[in-house]
Amino acid sequence: MRAMQEPLMEIYARLFAHFGAQHWWPHSEGGAFEIVVGAILTQNTAWANVEKALANLARARLLTPTAMQRVAPTRLATSIRPSGYFNLKAKRLKAFTQFLFAEHRGSLARLLALATPDLRAALLGVYGIGPETADAIILYAAHQPIFVVDAYTRRIFARLGLARADAPYAELQALFMAHLPHDEKLFNEYHALIVALGKNLCRKTAPRCQACPLRGLCPADLSIPRKRVIMRPAIFQEFRSRI
DNA sequence: GCCCAGGTGGGTA
DNA sequence: TACCCACATGGG
């Protein structure tokens with residue numbers, strides 16, 4: 001039997017073996033700006049709806065900072081209607097381009113070249129950009145190693161017994177940042193795999209534990225009769241004492 | 001018809 | 001600080 005890896009790497013390895021590479025924004029047609037727009041549009045929204053909105057924006061030639069800065073808010077809202085919260089998100093996209101022109105001469109590249117702490121602080125100062133969106137931009141558009149936490153991450157790692165269900169964003173993020181190498185490619189793939197697991201198997205209701213690649217690691221495994229659940233998997237024991 | 005989705009900001013106690 | 005709520009479309 002091979003040597004046991006760190007729990008977080010063991011989980012990653014299992015997810016990757018099960019789902020394979022997710023190819024999140026590897027070279028994005030629309031470039032970094034499309035990634036930023038996608039990160040804002042996907043807030044509390046299924047990605048399939050975001051794709052429709054992005055297609056509308058591309059067709060309307062609105063996927064550039066300049067075009068988005070110039071377009072009327074109502075027209076922008078109409079384009080992104082399929083992504084939901086369209087009035088709100090139009091306002092957020094406008095706030096971002098406004099910020100880009102006011103602070104960085106309209107150059108996204110200039111913004112994304114900032115060091116991680118400065119970039120994050122700048123992004124968090126923009127209306128409509130919170131920690132998850134900021135980190136998604138830093139990781140997927142700026143290609144800087146920062147771990148993106150989302151609702152799936154919280155749910156999955158709470159079920160695994162490695163985080164509290166109400167753990168604040170920063171605490172969850174610190175869990176990963178403290179125990180994984182700061183590798184952009186790893187963080188990219190890990191987050192995408194968490195989304196794949198949360199969306200397909202570790203669902204909020206009716207999770208498919210039977211088919212889960214983390215079966216055997218998870219105390220919440222619903223495919224195990226309740227009275228048979230005895231204790232936390234051994235590989236988490238020592239790990240938990242350190243987190 | 002009902003639930004859920006890759007959150008965030010604003011208001012109230 | 002700690003909740004509670006608005007924001008909205010589309011797929012299962």
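The analysis underlying the following values was restricted to heavy atoms, covering all of them including side chains, and did not include hydrogens, waters or symmetry mates. Numbered from 1 within each chain, the chains take letters A, B, ... in sequence-line order.
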Query raised in the report: Roughly how many Å is it from CD in A:Gln43 to P in C:dC5, rounded to a whole number?
Result: 21 Å
Query raised in the report: Does some side-chain heavy atom of A:Arg92 sit less than 4.5 Å from a side-chain heavy atom of A:Ile129?
Result: no
Report summary line: Walking DNA chain B from its 5' end, the first of A:Ala46 and A:Gly128 to be reached, judged by nearest nucleotide, is A:Ala46
Query raised in the report: So what does A:Thr153 touch, heavy atoms closer than 4.0 Å: a base, only the sugar-phosphate, or nothing?
Result: nothing
**Report entry** From C:dG10, B:dG7, C:dT9, nucleotide with atom closest to A:Lys52 side chain
**Finding:** C:dG10
Requested in this report: Would you mind classifying the nucleic acid contact of A:Ile40 as base, sugar-phosphate or nothing, using non-hydrogen atoms under 4.0 angstrom?
Outcome: nothing
Query raised in the report: What is the distance from CG of A:Leu93 to P of C:dC7, rounded to the nearest Å?
Result: 18 Å
Report task. Report which part of the nucleic acid A:Val126 touches: base, sugar-phosphate, or nothing (heavy-atom distance under 4.0 Å, all strands). Result -> sugar-phosphate
Query - Gap between atoms CG and C1', on A:Leu88 and B:dG7 respectively (whole Å) - result: 10 Å
Report task. Using both distances under 3.5 Å as the test, list the Watson-Crick or G-U wobble partner of C:dG10, or none. Result -> B:dC4
Report task. Let me know the distance between CZ of A:Arg154 and P of B:dA5, rounded to the nearest Å. Result -> 13 Å
Query - Donor-acceptor pair, side chain of A:Gln144 and main chain of A:Ile138, under 3.5 angstrom - result: no
Query raised in the report: Between C:dC7, C:dT9, B:dT8, which nucleotide gets closest to the side-chain atoms of A:Tyr85?
Result: C:dC7
Report task. Whole angstrom is fine here: how far is it from CZ in A:Phe96 over to C1' in B:dT8? Result -> 16 Å
Query raised in the report: Closest nucleotide of DNA chain C for A:Lys89 versus for A:Ala48: which of these residues is on the 5' side?
Result: A:Lys89
Query - Nearest-Å distance once atom P is located in both B:dC3 and C:dC5 - result: 16 Å
Query raised in the report: Taking C-beta and beyond as the side chain, do A:Asn56 and A:Arg81 meet within less than 4.5 Å on heavy atoms?
Result: no
Requested in this report: Name the nucleic acid region contacted by A:Arg203, choosing base, sugar-phosphate or nothing; use a 4.0 angstrom heavy-atom cut-off, strictly under.
Outcome: nothing
Query raised in the report: Relative to each other, are the rings of A:Tyr140 and A:Trp25 parallel, tilted or perpendicular (30° and 60° limits)?
Result: perpendicular
Query raised in the report: A:Asn87 side chain: which of C:dA8, B:dT8, C:dG10 is closest?
Result: C:dA8
Report task. Indicate whether OP1 or OP2 belonging to C:dC7 is found under 4.0 Å from a side-chain N or O atom of A:Arg81. Result -> no
Report task. Rounded to whole angstrom, note down the P distance from B:dT8 over to C:dG10. Result -> 23 Å
Query - Closest to the A:Arg155 side chain, choosing from B:dA5, B:dC4, B:dT8 - result: B:dA5
Query raised in the report: Taking only side-chain nitrogens and oxygens of A:Lys204, does any of them come within less than 4.0 Å of OP1 or OP2 of B:dA5?
Result: yes
Query raised in the report: A:Glu51 has an atom CD; how far is it from atom P of C:dT9, in whole Å?
Result: 19 Å
Report task. Specify the separation, in whole Å, of atom OH of A:Tyr127 and atom P of B:dT8. Result -> 12 Å
Query raised in the report: Is there a donor-acceptor contact under 3.5 Å from the side chain of A:Lys89 to the main chain of A:Ser83?
Result: yes
Query raised in the report: Is the shortest side-chain N/O distance from A:Asn49 to OP1 or OP2 of C:dG11 below 4.0 Å?
Result: no
Requested in this report: Describe the nucleic acid contact of A:Ala151 in one word from base, sugar-phosphate, nothing, applying a heavy-atom distance below 4.0 Å.
Outcome: sugar-phosphate
Query - Euclidean distance, atom CG of residue A:Leu41 to atom C1' of C:dG10 [Å, nearest integer] - result: 15 Å
Query raised in the report: Is any side-chain N or O of A:Thr133 closer than 4.0 Å to OP1 or OP2 of B:dT8?
Result: yes
Query raised in the report: Hey, what's the ring geometry for A:His191 with A:Trp24, parallel, tilted or perpendicular (30° and 60° as the breaks)?
Result: perpendicular
